[in-house]
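First the structure, in the form of structure tokens, and then the observations on it.
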Amino acid sequence: MTTVRFYNTLTRNVEPLNPRQDQKVGVYCCGPTVYDVPHAGHARAAVAFDVLVRHLRARGYDVTYVRNITDIDDKILARAKENGEAPLALSQRMAEVYRQQIAAVGCESPTHEPKVSDHLPEIFAIVEKLIARGAAYVVDMPGGTRDVYFSVRSFPGYGKLSRRKIDELVSGARVEKDETKRDPLDFALWKGAPEDEWGWKSPWGHGRPGWHIECSAMSGKYLGHGFDIHAGGMDLIFPHHENEIAQSEAADPDQGDFARAWMHNGFVNVDKEKMSKSLGNFVTVRDVLERNDPEAFRWFLLTVHYRGPIQFDTDKLGDGRVVFPGVDEAERRVDYVYATLGRLSELSADAAGIPDKLAAGLHEPRVELGRAMQRAQDALDDDLNTSVALAELGEIARLGNDVCDLALKRRKDPAFVTGARAVAAEALGLIDALARQLGLLAATREEYAQRTRERRLRLRGLSAGDIDAKIQARTAARQNKDFAKADELRQELEAQGVSLRDGASGTEWSVGV
RNA sequence: GGCGAGGUAGCCAAGUGGUUAGGCAACGGUUUGCAAAACCGUCACACGCCGGUUCGAAUCCGGUCCUCGCCUCCA
């Protein structure tokens, strides 16, 4: 039995996974409020918990993964007004962009992806329960509408997730005084709105749900009270997740904890500061994907442990174009692993099993391959240490390349080559398995090579035709032993970011990141 | 003010009581007409500062400096 363990924000400890039902795990992740296109932070959260789900599944758990879409929100209303668009049309459009781009960075679709607008009845049910239990109260508003608020002081456990004390919150600087609420800390479960404003009919009249209640309603519907893991960004710990706990546990006080464990991902910082609209340093997923391959972005996100902050630094080229050096570096690693995959596939094309007597010099790499894979698994078991898992993926690739090199050097030794083919097949299998767990290397080598080449040519303003023409000229020069001319052409291409590789079957070229 | 994260070699980034993290950059080597790719090696006896515990500390304890985040919508 493997021991998968994760950091639980509720207890501030790394704890073994302890599913409610043997081998079944329910995960709820707070998804985006869809009023704009997704940014790097959305991608980070989605990728972190996609790896969580993939790893759990690789470990044999039957995972139900729920990630919601918040499609009712004041920001959506405001943006839709600016656009002259219906709010739900805007949120649908942005939800679609989110799905596409998050899928592009290698995230599998959640088992359920509920939207708030489809779950009003579930929300009403919880709010009514809370009112009946005295944990929430209705307020008549001046305009004739009615709000419903959750009474924070009625819930004794308030603050247990974020380690905040109610009285300290009150004395804290920024709790606004609001005469409509009985207590400044109370938060809205339902906000009444005029009939002509965007809203839904509820037991308390026309209006819209408060932000927090949706997650209580939807997690309850798809996973039930007391599910295994609730996930989201660290900024959601307070007040969002604290409030979810309060609502759900106050609604069903006899059912124990709302969620058994809480996992939170760290922020994305841009040039040392938290990415934020007010600082104007937002990097959208689209920005990154215009510049880099989606798998490079994912690799980059996984180089840092999910709980720590990730430095997303930007740089400017001479022409003013913004680039992402960290993602560029990751893209070179993705290139490397795909290239390795190519060499291993070739070598292992007609591999048989490992021979009884494996040629000397192959035992060690083979053993090391197994060890690297084991270390990667141990690292993922230990609170999803993707940084180490990627290092081990690199180690497996390195060993694979080594075997390919050895097979070349000793190509006249049939026993060795046979053994090398078999070891290459094993290495290939390990890379595939580990990459699948990490959500990487989902494309074929050909697809990856083609799409990165096209993108890099476009970014550099180059055309494949021009490059081919220069290569032909260089090939001619080489045949005439005019190496000065050949080298001049090589250097010209090199200056444009194009590297040449002279092989037995001609000259191949590649464009740098 | 309350709560929290972090300071690791030129840069990025794991580790958290004792044996190599890893990557990038740079430099050497094998290979090559020259290169590229790949592989090997060097940079690397690094861990903010000061004390303490310990046979032994980047890792534990105390103090201290600095950076950042949350406490208001936020992934």
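Chain A is the first sequence line, chain B the second, and so forth, proteins listed ahead of strands; every chain is numbered from 1.
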Per-nucleotide protein contact along nucleotides 18-24 of chain B, 5' to 3', at a 4.0 Å heavy-atom cut-off (B base, S sugar-phosphate only, - neither), is ---BSBS
Evaluate A/Gln437 against A/Gln377 for side-chain hydrogen bond (donor to acceptor under 3.5 Å, both in side chains), listing each step before the verdict.
CA-CA 10 Å; A/Gln437 242 172 305; A/Gln377 297 306 322; 2.8 Å; yes
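Interface residues of residues 474-487 of chain A facing RNA chain B, ordered by number: A/Arg474, A/Arg478, A/Phe483, A/Asp487; criterion, heavy-atom separation under 4.0 Å. In the region residues 499-507 of chain A, proximity to RNA chain B at under 4.0 angstrom, judged on heavy atoms, holds for A/Ser499, A/Leu500, A/Arg501, A/Asp502.
Atom pair A/Tyr158:OH and B/C71:P shows a separation of 12 Å (rounding to whole Å applied).
Note on A/His39: a base of the nucleic acid sits closer than 4.0 angstrom, heavy atoms only. As judged by a 4.0 angstrom heavy-atom cut-off over every strand, A/Thr340 is placed among residues making no nucleic acid contact.
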Every protein N/O within reach of nucleotides 43-46 of chain B N/O, cut-off under 3.5 Å:
none

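Taking the ring centroids of A/Phe187 and A/Tyr149, they lie at or beyond the 6.0 Å cut-off. In this structure, the ring of A/His264 has its center no less than 6.0 angstrom from the ring center of A/Tyr7.
Listed by chain and number, the residues in a side chain to side chain contact (heavy atoms under 4.5 Å, CB included) with A/Glu214 are A/Asn68, A/Thr70, A/Val116, A/Ile123, A/Trp211, A/Met218 (sequence neighbours excluded). Scanning for side chain to side chain contact (heavy atoms under 4.5 Å, CB included) contacts around A/Arg398 gives A/Tyr336, A/Glu395, with sequence neighbours left out.
With a 3.5 Å ceiling on both atom-pair distances, B/U20 lacks any Watson-Crick or G-U wobble partner.
Note: A/His230 and A/Trp262 have parallel aromatic rings, judged against thresholds of 30 and 60 degrees for the angle between ring planes.
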